[in-house]
Every structure is written in C-alpha cells, then in structure tokens.
Protein chains: 2
Amino acid sequence: MKKLPTKILIVDDEPDIIEILKYNLDKEGYDVKSANNGKKAIEKAKKYIPDIIILDVMMPEMDGIEACEELKKISKLSNTRIIFLSARGEDFTQIAAFDAGADDYVTKPVKPKILIKKISSISKRINNNLSNVLDLGDIKVDKESYLITINKEDISLPRKEFELLYLLASKPGKVFSRDEIMAKVWGTQVIVGDRTIDVHIRKLREKIGDKCIKTVKGVGYKFKLNVKKK
Amino acid sequence: MKKLPTKILIVDDEPDIIEILKYNLDKEGYDVKSANNGKKAIEKAKKYIPDIIILDVMMPEMDGIEACEELKKISKLSNTRIIFLSARGEDFTQIAAFDAGADDYVTKPVKPKILIKKISSISKRINNNLSNVLDLGDIKVDKESYLITINKEDISLPRKEFELLYLLASKPGKVFSRDEIMAKVWGTQVIVGDRTIDVHIRKLREKIGDKCIKTVKGVGYKFKLNVKKK
DNA sequence: TTTCAATATTAAGTTATTGTTAAGTTAACT
DNA sequence: AGTTAACTTAACAATAACTTAATATTGAAA
C-alpha cells in the first residue's frame, strides 16, 4: 500500500512558530506548506487542498476563527481537519473555536510531540479509513457515512440525529447535560426550543431501540452499554 | 419551595445597551442592576455581590478587561461569573487579554435569547461545582454517569439524592450541617422546608443501607466508612 | 426519667422535566 | 421552482422527582 504523505498547511503570523512546526513535521515525513495570514491561508488551501490545517487563533487582519469559518464554507475542503493553535486554554477561545468548526485544539507553547501525535492520529484516520467509527459491539456508528449498524443492518440517520447519537456514544455511560448537547451539536450561538432535543432523542430511540439511551431526569441523557448478565 | 432571583450586574457605557438588556432580563425575573463604567461597576459589585456580571469589553476609562481583573481580586466575588460583551471580529485578536478570567462571551449585536440561555446555564453551573468520581472501597460514586456501585452492583440515583450522597461521601467522617447541605446541594437561591433533607436521607439509607449515613443530632449528617469487623 | 426539640417515617400532594404527537418551517436537492 | 426530507415548534400528556404535611420516634439535656 503506497500512501501519499499527509498534506498540512500551517497558518501563523510568527515565522518562528512556522519554522519550528515545519521542521518537526517535515521530519515526520509530512508534506508541509505554510501561510502567514488568514487570507493567504484561504488561497493556499484552495489550491493545495491540505488534509490538515493548523491555524493560529490570533493573527492580524483575519484571525483564525474568521478564517476557519471561511474555510468551512469551501466544499473542496470538506475533508480537511482544522487544528487551532492558541496562547491559552481559555474556555472562552475554545468555545469560539469549536463554534467555528474546529476539529481539535492545541495550546501554545506547542509541544511538538503532542502536536505530532494529534496529527498522526488524524492522518491515520484519513489514510487508513480507520475513520470515525465508534464500535460499541452491538452497534457501530460511522461518521464518514453517517450510518449506524445494528445487527448487521445499516441505518442511515439524518445529520442532527446522527451527531446527537455520535456524541452520546462517544462516551458510553457519561451523562451529557442538555447544555452540553446543545453546545456540541448545535453550537453555542444557536437557540432552539426546549423540546428539540427530546424530539431527536425520541426519533433515535424509535430507530435504535429505547434501551440504548437513558434519561437521567434533571441531568441529561446517556448512552448505555448493553449490560452483560452474570 | 421558593427561589431567590439570580442577581445580575450589567456594565456598559452605552445606555441603549443597558436598557435593552435590562428589559429582557427583568422580564425573565432576574434581579438586574447596572453601571456605566468600570469603576462604578466595581463599587456596585462590592455592595451588591451579583451572581453574574455582564461586562462590555470596550468602555472609556477602565475597559472591561481591566475591570474584570480588578473584580477577580475581590474575594467576596469569588463565586461571581463574568460574561463579556464584545463586537465580533474587532476583539477576537485580543483574545489573549481574556486571561482576565471570563466565563463566557456574547457578541454584539446581542441576541437576548442567547444571552438568557447562557445566563441560565451559568447559574446552573454555579450551584453544581462538584467534581467527579469518588472511590470509597465498598462504594463508588460516579458523577459522570450518576451511578453508584455497591458490591459490583450499579444503582442509579435521582439527582438530589445523588448529589446529597456525593457531598457526604466527598469527605467521609466529616459532619455536614443542614445549612451546609442546603447550600451545596440546593444552592443558596432555593428555600425548602426542614424535612426535605431528612426525606432524601431516608431514601438514600433505603437504597445503600443505613450504616453508611450517620445522624449527629443537632449538628448534621456524616458519611461513615464501613469498618470491617474481624 | 422526663422532657422536648430534633429527626424519622410515611404517604400524599406538587412541580419540574421529559415524552409524544402533529403540525409548522426551513433547507436541500432535483 | 417544486418536492421532499430534515428540522423545529407547540401543545398537551405522562411521570419521576421532589416537597410538604402530619405524625411518630429518638436521644441528649435537665
């Protein structure tokens, strides 16, 4: 199996950062390009179609968040993952970043090992088609195709339903509050009515059976692993 | 059961903004005060001890960031959350400045519904700051899944019961007074009758055995580790 | 040991939260 | 533009969770 190197675009206004990242990523065999502001990043991304874009949050002119929003609109880049780079792990920026559609987040100062690890796991997914599949035994949830598989039967889910299920299934057992669900599936800058989540939950239960998703009243919902009997 | 309104302080130099926010928040039943600059904000905050401060980033004299840093130094305000108000784009490059310790942000023009949503989720969070999994040997208390485990058997508890147990179990041996329990489990903004706690204690004892929780008459309750006899 | 405020207990309200359905909107695709 | 699916809203029902109320019991102080 021959594989083309994963293409990475680094976007930062500080040449030092670009240099150090480029050095480290080159060494790992990635195909690395760079840009020093948001506008150029968009140009280059269109031409180059990188697999991964590493985007500094703070840049003059067009900041990373704006740039990200623009990038997300470009259909050629629909398979491109975006990793944000920012000075601090402020919740705040993270909220804004994920609203804009970031896939991951790294804080400065960048530890090359951490970045490389994230990148290699993302690029594995891209190459090996090891893709975003959650395998929960009885049920498989595949983010590439927005399909779930129950007892070898494929069911296709609409986007919101899928994302909701994907979120819950990403941490079986964990209770997700409504707020958390709202923030992760709908984003923090969108408002929908109270019953919207319930309706989606209802539809999911209709399709995948109602044992899978449990309500914890006053707290949230959780995905329940099928309990083995003793 | 009675609920005291959440106290909010709005700080902005534009009277129009204050007015529109005040109008919307009043309508929701919040207790709203306002200030038109950073200095006054600090004065009023000291006196009024709001639960939430909505702070415009850009103001003459003392801007929101400075004000936030000052506010964070005031110990009486340690439980006060701060929401920044900023114009989109303009401010995102200055995100580094938000080291100041904001809890959330809203962009102008403000959509009242979004603001209200954020406020309600923050005020929920204020009362919910207990962390995650307690392992007491015989018994495990897992806040992530709202489950407790006794002898490898999972028991799911309703919210209040769970939180009550979680509180007691967080410091085995320590006696928690009723006041303390009220404040931590119900929050300072809710008033319920005297017998409510007892009833929850009763239900807990029913489910986890009555050796675990001990009454110290006139003082409170404590969680007791099971001492194994020989 | 008596007393009495503090807690226990039980069952019966109440309320908050979620479930459900159907009917609107919106968005996506041909 | 028209058609369809997806998504959201709205109205109401259902229910678990929670609180109260009424009464009994307890245990520390007198």
Side-chain angles (χ1 to χ4, degrees), chain A residues 73 75 78 146-148 155-168 175-182 185-187 189-222 224, chain B residues 1-3 28-29 113-114 117 120-121 123-124 127-128 146-147 155-166 168 175-182 185-187 189-222:
Chain A
K73 289 180 192 161
S75 65
S78 61
Y146 277 40
L147 277 178
I148 63 172
I155 303 177
S156 143
L157 294 180
R159 200 171 96 228
K160 283 284 192 295
E161 275 168 53
F162 182 90
E163 281 170 6
L164 175 51
L165 177 62
Y166 191 85
L167 176 65
L168 296 178
V175 180
F176 290 84
S177 72
R178 277 159 182 276
D179 285 347
E180 206 172 344
I181 292 171
M182 272 304 305
V185 178
W186 277 264
Q189 304 289 348
V190 181
I191 287 284
V192 292
D194 266 359
R195 303 270 63 71
T196 302
I197 290 176
D198 309 39
V199 173
H200 285 274
I201 291 282
R202 166 105 209 323
K203 295 209 171 131
L204 276 174
R205 298 215 250 231
E206 213 167 57
K207 288 169 188 168
I208 69 178
D210 38 358
K211 297 151 220 157
C212 290
I213 299 171
K214 198 186 169 203
T215 303
V216 183
K217 213 164 177 174
V219 188
Y221 295 95
K222 69 179 167 184
K224 210 172 125 198
Chain B
M1 183 179 102
K2 200 184 169 183
K3 200 181 268 180
E28 296 291 314
K113 281 191 178 176
I114 288 177
K117 184 99 200 275
S120 89
S121 91
S123 58
K124 264 183 217 160
N127 296 322
N128 250 345
Y146 270 78
L147 282 175
I155 302 176
S156 142
L157 295 180
R159 194 169 99 205
K160 283 283 187 319
E161 275 168 52
F162 182 91
E163 281 168 5
L164 174 52
L165 176 62
Y166 191 90
L168 296 179
V175 180
F176 289 85
S177 71
R178 279 159 181 276
D179 285 348
E180 207 172 344
I181 292 171
M182 272 307 303
V185 177
W186 276 261
Q189 304 183 333
V190 177
I191 295 160
V192 292
D194 265 1
R195 303 272 60 72
T196 303
I197 290 177
D198 310 36
V199 173
H200 281 93
I201 291 281
R202 166 99 211 330
K203 294 207 172 132
L204 274 175
R205 285 177 171 154
E206 211 167 60
K207 288 170 186 167
I208 69 177
D210 38 359
K211 300 149 223 158
C212 290
I213 298 171
K214 199 186 169 202
T215 303
V216 183
K217 205 163 179 176
V219 189
Y221 297 95
K222 71 178 170 185

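The figures here come from the full heavy-atom set of this structure, side chains too, leaving out hydrogens, waters and symmetry mates.
Lys222(B) and Thr215(B) share no side-chain donor-acceptor pair at under 3.5 Å.
Proximity of Trp186(A) to the phosphate of dC7(D): no side-chain N or O atom is located under 4.0 Å from OP1 or OP2. Using a 4.0 Å cut-off, no side-chain N or O of His200(B) falls inside it from OP1 or OP2 of dA17(D).
Of the possible polar contacts, none joining the Arg178(B) side chain to the Tyr221(B) backbone as a donor-acceptor pair under 3.5 Å is found. Side-chain atoms of Arg205(B) do not come within 3.5 Å of backbone N or O of Lys211(B) as any donor-acceptor pair.
Rounded to a whole Å, the CG atom of Leu204(B) is 13 Å from the P atom of dT9(C). Rounded to whole Å, atom C1' of dA24(D) lies 17 Å from atom CG of Asp194(B). Nucleotide dA17(D) holds its P atom 8 Å from the CD atom of Glu161(B), rounded to whole Å. In this structure, the CG atom of Asp179(A) is 11 Å from the P atom of dT18(C), given to the nearest Å. In this structure, Ile197(B) places its CD1 atom 11 Å from P of dT20(D), rounding to the nearest Å. As a whole-Å value, the separation of Lys214(A) NZ from dA17(D) C1' is 13 Å. In this structure, Ile181(A) atom CD1 and dT8(D) atom P are separated by 13 Å, rounded to whole Å.
With rounding to the nearest 0.5 angstrom, the CD1 atom of Ile213(B) is 6.0 Å from the CG atom of Leu164(B).
Across Arg202(B), Lys207(B), Lys203(B), a single residue satisfies side-chain hydrogen bond (donor to acceptor under 3.5 Å, both in side chains) together with Glu161(B), and that is Lys207(B).
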List, with names and distances, any nitrogen or oxygen atoms from the protein found under 3.5 Å away from nitrogen or oxygen atoms belonging to nucleotides 19-29 of chain C.
{"from": "dG19(C)", "atom 1": "OP1", "to": "Arg205(A)", "atom 2": "NH2", "distance (Å)": "2.2"}
{"from": "dG19(C)", "atom 1": "OP1", "to": "Thr215(A)", "atom 2": "OG1", "distance (Å)": "2.6"}
{"from": "dG19(C)", "atom 1": "OP2", "to": "Tyr221(A)", "atom 2": "OH", "distance (Å)": "2.4"}
{"from": "dG19(C)", "atom 1": "O6", "to": "Arg195(A)", "atom 2": "NE", "distance (Å)": "3.4"}
{"from": "dT21(C)", "atom 1": "OP2", "to": "Arg202(A)", "atom 2": "NH2", "distance (Å)": "2.9"}

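A heavy-atom distance below 4.5 Å is found between the side chains of Trp186(A) and Ile197(A).
The aromatic rings of Tyr146(B) and Phe162(B) sit tilted, their planes meeting at an angle between 30° and 60°.
Side-chain proximity of Pro158(B) to dT19(D), dC18(D), dT26(D): nearest is dC18(D).
The residue Lys160(A) sits close only to the backbone: its heavy atoms come under 4.0 Å of sugar-phosphate atoms, none of a base.
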